[in-house]
Amino acid sequence: KAWNYTDVKYDWENPDKDVFDRVGEAQVLGGELVDNRDYSNGLTDWLTQIPSGQVVEVVNNQLHVKYDSSATQSSTGVYQTFITPHRLYEIKVDVESVVGTMRVQFGSQVRDITEAGVHTFVITPVSETLYLIRGSDASSCEFFVNSISVKEVTTHASHILPTDCKSLL
């Protein structure tokens with residue numbers, strides 16, 4: 001196992017202790033970064049990409065995107081710019097329904113979602129912009145999103161155990 005940023009910081013700030021002293025320490029998240037994360041104010045704070053023949057709207061406080069691959073093909077969905085690149089973030093997307101593939105994207109980093117439910121992942125984006133868009137130009141899709149949350153991971157969970165270190169012989 002490799003040390004994470006929090007392990008290195010702890011080791012630097014506590015020269016009289018070992019990183020193993022953090023065993024059991026939980027992950028700590030910063031505040032919510034997405035404005036209008038539950039679409040309660042419609043598309044306020046979200047920028048849209050809506051090519052001719054495509055649908056991007058809020059219905060009953062849910063983001064609704066319907067992409068028809070036989071209509072104008074281009075990126076279809078919503079986005080916000082707020083990320084500080086190269087930091088660690090936890091993303092939680094609550095998808096009500098999806099037919100086809102929806103995509104959560106930060107620049108070239110993508111997570112494709114093909115089923116309903118709450119999807120949580122941790123990512124270190126290289127782009128400042130979060131996109132919720134259709135999966136690809138070639139495939140039609142339709143999805144409803146209840147909410148999306150993005151929070152910076154301010155303290156990584158402890159995962160280094162004393163048994164992970166091998167003595168030098």
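What you see below is based on every heavy atom in this structure, not just the backbone, and it leaves out hydrogens, waters and symmetry mates.
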Colleague: Using modelled atom types only, decide if a donor and an acceptor are shared between the side chain of Glu152 and the backbone of Thr154 within a distance under 3.5 Å.
Modeller: no
Colleague: How is the hydrophobic cluster of Val126 composed, in terms of its other members, when Ile, Leu, Val, Met, Phe, Trp and Tyr link through side-chain heavy atoms under 4.5 Å apart, directly or indirectly?
Modeller: none
Colleague: Which heavy atom of Glu96 sits nearest a heavy atom of Ala116, and at what distance?
Modeller: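 So the two residues come closest at O-CB, 3.3 Å.
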Colleague: Can any side-chain N or O of Trp46 pair as donor or acceptor with the backbone N or O of Tyr39 at less than 3.5 Å?
Modeller: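 Answer holds: no.
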Colleague: Measure from the side-chain N and O atoms of Tyr89 to the backbone N and O of Thr84, and report whether any donor-acceptor pair falls under 3.5 Å.
Modeller: yes
Colleague: Applying side-chain contact (heavy atoms from CB on, under 4.5 Å), name anything that partners Lys92, two or more places apart in sequence or on another chain.
Modeller: Glu90, Val118, Thr120, Ser149
Colleague: Please collect all ring pair (Phe, Tyr, Trp, His ring centres under 6.0 Å) contacts where either partner lies in residues 96-136, sequence neighbours excluded, each pair once.
Modeller: Tyr79-Tyr131
Colleague: With no hydrogens and no angle check, is any side-chain donor or acceptor of Thr76 less than 3.5 Å from a backbone partner on Ser74?
Modeller: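 Checked: pair present.
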Colleague: Checking the side chain of Asp38 only, and the main-chain atoms of Ser40 only, is there a donor and an acceptor separated by less than 3.5 Å?
Modeller: yes
Colleague: Can a donor-acceptor pair be found, under 3.5 Å and without considering hydrogens, that links the side chain of Gln105 to the backbone of Arg111?
Modeller: no
Colleague: Strictly by modelled atom types, are Ser69 and Ser140 linked by a side-chain donor-acceptor pair under 3.5 Å?
Modeller: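 Result is yes, a qualifying pair exists.
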Colleague: Determine, step by step, whether Phe143 and Thr101 satisfy the side-chain contact (heavy atoms from CB on, under 4.5 Å) criterion, reporting the C-alpha distance in whole Å, the side-chain angles of both residues, the deciding distance to 0.1 Å, and the verdict.
Modeller: CA-CA 8 Å; Phe143 57 88; Thr101 303; over 6 Å; no
Colleague: Would you check if the side chain of Ser147 reaches a backbone N or O of Arg37 as a donor-acceptor pair within less than 3.5 Å?
Modeller: no
Colleague: Can you name the one residue among Val58, Leu63, Val78, Asp45 that meets side-chain contact (heavy atoms from CB on, under 4.5 Å) with Asn36?
Modeller: Asp45
